[in-house]
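First the structure, in the form of structure tokens, and then the observations on it.
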Amino acid sequence: MTVKVRGLDVALGGRPVLNGVSVSVPAGTWTAVIGPNGAGKSTLLRAILGLVPSRGEVTVAGEDLGALKPRHRARVVAYAPQTPNLPVGMTVFDYTLLGRSPYIPHLGRESSADRAVAAEVLGRLDLTGLAARPLDHLSGGERQRVVLARALAQQTSVLLLDEPTTALDIGHQQQVMELVDQLRLADELTVVTTIHDLTLAAQYADDLVLLSGGRVAAAGPPGEVLTRSAVAEHFGARVRVSPGPDGRPDLSLERPGRPERSGGSECSAGSADS
């Protein structure tokens, strides 16, 4: 399903956070929202979901998301927050089952079909063996997969992920990003993520949206958005940008030149300064 955001304005505590933000995410693609701290990335996802007051228009497949009741909206768009509430003592299976809430009648209980969906999702994410484990007994990478499992249990066509690789080591970052991409392709999901790591964003997303100062500073394919000048202007970082084997940009930090160390025959090129 195509997601379109038009002229979105958000003010929190009287302070403008998003100003006239417009974004279009084609059905079945992955868009990563990038930008410096405080740019409004997480607020954008929350505004799409109607979790913060906003002005503007958000549509999914042409349907006004803001006009939908919360239960209906949760059948269209699933959301995995950056810092989810993981109840102490709750098991992985029961937490995943919470994703079926939009389909369970008020004052009702989950059905056998709901439990089957939760079990199937855990199987796809290689979490079946952890189904009975309490959430507070999981590693960081396992927690990220469980949060994703709850979102997938909603069986929506649009998936919003807020910083899905936060606090993960490089191996688990890659595992999560690969998993999201595999699920996107298998289920024809439309994925929108916020992400700090520009290299990860460039490697996995079809398109990038660069937010800066609450506005869209650039949008398009990674090679068009992640330029040396754009990174310098909006992130205050000096980087070298070069095309990778698949044409996607590779970024590496450039350190300012430093004076050579005097008396320097005692240190080899592979020592601490390398």
Side-chain angles (χ1 to χ4, degrees), residues 1-26 29-87 95 98-99 101-102 106 143-144 147-148 150-167 180 189-197 201 205 207-219 234-235:
M1 292 186 176
T2 298
V3 179
K4 290 188 177 181
V5 177
R6 298 184 183 92
L8 195 66
D9 294 331
V10 175
L12 300 176
R15 179 179 66 87
V17 178
L18 296 177
N19 299 281
V21 170
S22 295
V23 176
S24 181
V25 185
T29 66
W30 184 341
T31 291
V33 182
I34 61 173
N37 291 339
K41 301 185 296 296
S42 296
T43 300
L44 174 58
L45 296 193
R46 292 172 59 80
I48 290 174
L49 286 160
L51 299 179
V52 295
S54 65
R55 292 185 300 175
E57 183 181 37
V58 178
T59 62
V60 174
E63 188 172 25
D64 183 1
L65 209 58
L68 302 180
K69 294 182 178 180
R71 285 173 61 83
H72 188 182
R73 190 184 307 138
R75 298 182 184 184
V76 177
V77 180
Y79 172 56
Q82 181 177 348
T83 53
N85 178 25
L86 299 177
Y95 183 78
L98 292 176
S101 297
H106 292 295
R143 283 195 296 271
Q144 292 295 87
V147 172
L148 182 57
R150 173 178 171 171
L152 290 175
Q154 290 178 228
Q155 293 187 312
T156 65
S157 297
V158 179
L159 186 60
L160 307 183
L161 307 176
D162 192 6
E163 298 288 351
T165 60
T166 294
V180 171
L189 298 174
T190 303
V191 176
V192 183
T193 58
T194 63
I195 191 165
H196 271 94
D197 192 310
D207 291 292
L208 304 181
V209 174
L210 171 57
L211 287 185
S212 185
R215 300 180 182 274
V216 176
H234 299 288
F235 294 88

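Here the structure is a predicted model, which is why all the values come from computation and not from measurement. Position 1 is the first residue of the sequence; numbering continues from there.
- Using a distance-only test at 3.5 Å, with no hydrogens or angles considered, a donor-acceptor pair links the side chain of Arg73 to the main chain of Leu68.
- What you find for Val10 and Ser54 is that their closest heavy atoms are CG2-CB, 3.6 Å.
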Mind running side-chain contact (heavy atoms from CB on, under 4.5 Å) on Leu148 and Leu159 for me, showing each step along the way?
CA-CA 9 Å; Leu148 182 57; Leu159 186 60; 3.9 Å; yes
Kindly indicate, with the supporting measurements, whether the criterion side-chain contact (heavy atoms from CB on, under 4.5 Å) is fulfilled by Val216 and Leu211.
CA-CA 5 Å; Val216 176; Leu211 287 185; 3.8 Å; yes
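- Residues Thr29 and Pro26 approach most closely at OG1-O, 2.7 Å, considering heavy atoms.
- When side chains are defined from C-beta on, Val209 does not count as touching Val25, because their heavy atoms never get closer than 4.5 Å.
- Ile48 is not listed as a side-chain neighbour of Val60, based on a closest heavy-atom distance of 4.5 Å or more.
- Judged by distance alone, the side chain of Arg6 and the main-chain N or O of Ser22 form no donor-acceptor pair under 3.5 Å.
- A 4.5 Å side-chain heavy-atom check between Asn37 and His196 finds at least one atom pair inside the cut-off.
- Nearest heavy-atom pair across Arg143 and Leu86 is CD-CD1, 3.5 Å.
- Of all heavy-atom pairs between Val147 and Pro84, the closest is CG2-CG, 3.5 Å.
- Looking at Trp30 and Leu189, their side chains never come closer than 4.5 Å, going by heavy atoms from C-beta outward.
- Counting heavy atoms from C-beta outward, Val77 and Thr156 have side chains that stay 4.5 Å or more apart.
- A donor-acceptor pair under 3.5 Å links the side-chain atoms of Thr194 to the main chain of Glu163, judged by distance alone.
- Between the side chain of Thr190 and the backbone N or O of Thr2 there is no donor-acceptor pair closer than 3.5 Å.
- Between Thr59 and Gly62, the shortest heavy-atom distance links the atoms CB-C, 4.0 Å.
- Inter-residue side-chain proximity for Lys41 and Gln82 is flagged as unmet; no heavy-atom pair is nearer than 4.5 Å.
- Annotation for Ala201 and Ile34: closest pair CB-CG2, 3.9 Å, computed over non-hydrogen atoms.
- Judged purely by atom type and a 3.5 angstrom limit, Arg71 uses its side chain to pair as donor or acceptor with the backbone of Ser101.
- Counting heavy atoms from C-beta outward, Leu210 and Phe235 have side chains that approach closer than 4.5 Å.
- How far CG of Leu18 is from CZ of Arg55: 12.0 Å, rounded to the nearest 0.5 Å.
- Gln154 places no side-chain N or O within 3.5 Å of a backbone atom of Pro102 that could act as its donor or acceptor partner.
- Atom CG of Asp162 sits about 8.0 Å away from atom OG1 of Thr83, to the nearest 0.5 Å.
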